[in-house]
Number of protein chains: 2
Amino acid sequence: MMSSVPTPLSAYEGSCLETDEGRAIRDILDRVGDKWSLLIIGTLSAGRLRFGELQSHIPGISQRMLTLTLRQLERDGLLTRTAHAEVPPRVEYELTETGRTLIEPSTALAAWAITNQSLIAAAREAFDQTAAARAKRRADGGQRSHPG
Amino acid sequence: MMSSVPTPLSAYEGSCLETDEGRAIRDILDRVGDKWSLLIIGTLSAGRLRFGELQSHIPGISQRMLTLTLRQLERDGLLTRTAHAEVPPRVEYELTETGRTLIEPSTALAAWAITNQSLIAAAREAFDQTAAARAKRRADGGQRSHPG
DNA sequence: CAGAATCCGCAGGGATACTG
DNA sequence: CAGTATCCCTGCGGATTCTG
């Protein structure tokens, strides 16, 4: 038997998501866990890239969101923006030291995604099957003895 | 052909976010990168927990979002839901094998968040400082040659 | 206690047009 | 080419209420 609640895993230890550290996790996760940040980090892990190159490597992203997310990441000190005074203009983005430290954990997550995609897809199908079956049974037997 | 662009990191290798694998990453990231999933995974990494216990361990979360996210994770096969036929009702949630494999990568990300929170905070302040300065210079010198 | 259902505000983010 | 500005709409998610 265990005393009511077991202890959380190492990274959450002592925080239980309730202290400053807990809020820090939430804060960073909100930043890094948004729709595009990790994709940009992952793409930039290859090295310096231009704005257009980034856009073409991240299919779904719009000009607007690429710009906004890049600004955000630049503000957080995860990448640098270098505008060359040329015409046509050329702007290059590159991960900073801090940004590069994010490559490992984010890659781990990406690897997990690839590894488990089929497992998850299967689980979803199975869940939807039984969920639909349960719904049908409720609809049939729920409204009292004889449905027909 | 496009030898101008360096190759992405291992997990993205061959995918460039453009193939099925790329979409898989996006897909999983959308699921796992939402506001609460990783927090729930992290909390459940300690072991089986009841609905109420989960809620009290994840401060900001509402009943609604806890339920919704739990359903989502259950559907993805990352956790199991066990409803005990008692009164008052008792429902327990526990990570599955697949769910537990997500602990490591997500913990890594959380650890990164804690490690770099001060660095990021500092970067933000610095960025905002120079951004404000730049804006002021534009406002002052923008309409004429001598700022004063 | 665990949750389903409803209402609703608001921010994320797409499409488009314009600029330097 | 690399943005910026604007419009607009979807859906995330909080607060509240009702059920088993």
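Within every chain, numbering begins at 1; the chains are lettered A, B, ... in the order of the sequence lines, protein sequences first and strands thereafter.
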Among all residues two or more places apart in sequence or in another chain, which pass the side chain to side chain contact (heavy atoms under 4.5 Å, CB included) test with [X]?
{"X": "B:E86", "result": "B:H84, B:R90"}
{"X": "B:A122", "result": "none"}
{"X": "B:A121", "result": "none"}

In whole Å, what is the span from the CZ atom of A:F51 to the C1' atom of C:dG20? 15 Å
Integer-rounded Å distance: C:dA15 P and A:Q63 CD: 12 Å
Going by the rule side-chain hydrogen bond (donor to acceptor under 3.5 Å, both in side chains), which residues pair with [X] if we only count those two or more places apart in sequence or in a different chain?
{"X": "B:R64", "result": "none"}
{"X": "B:T98", "result": "none"}
{"X": "B:W112", "result": "A:T101, B:N116"}
{"X": "A:R75", "result": "B:D128"}

Interface limits on DNA chain D, where chain A has a heavy atom under 4.0 Å of a nucleotide atom: D:dC1 to D:dT6
Run the side-chain donor-acceptor check on residues 66-73 of chain B: report pairs under 3.5 Å with partners two or more places apart or on a different chain.
unit_1	atom_1	unit_2	atom_2	d
B:T67	OG1	B:Q63	O	3.0
B:T69	OG1	B:M65	O	2.6

Just to be sure I understand the geometry, which residues of residues 76-92 of chain A put a non-hydrogen atom under 4.0 Å away from DNA chain D? A:R81, A:P88, A:P89, A:V91
Interface polar pairs with nucleotides 6-13 of chain C, N/O, under 3.5 angstrom:
unit_1	atom_1	unit_2	atom_2	d
C:dG13	N7	A:R64	NH2	2.8

Inter-residue atom distance B:S37.OG - B:D30.CG, 0.5 Å rounding: 10.5 Å
For the helix from C:dC1-D:dG20 to C:dG20-D:dC1, what angle separates the axis at the start from the axis at the finish, each from five pairs, in steps of 10°? 40°
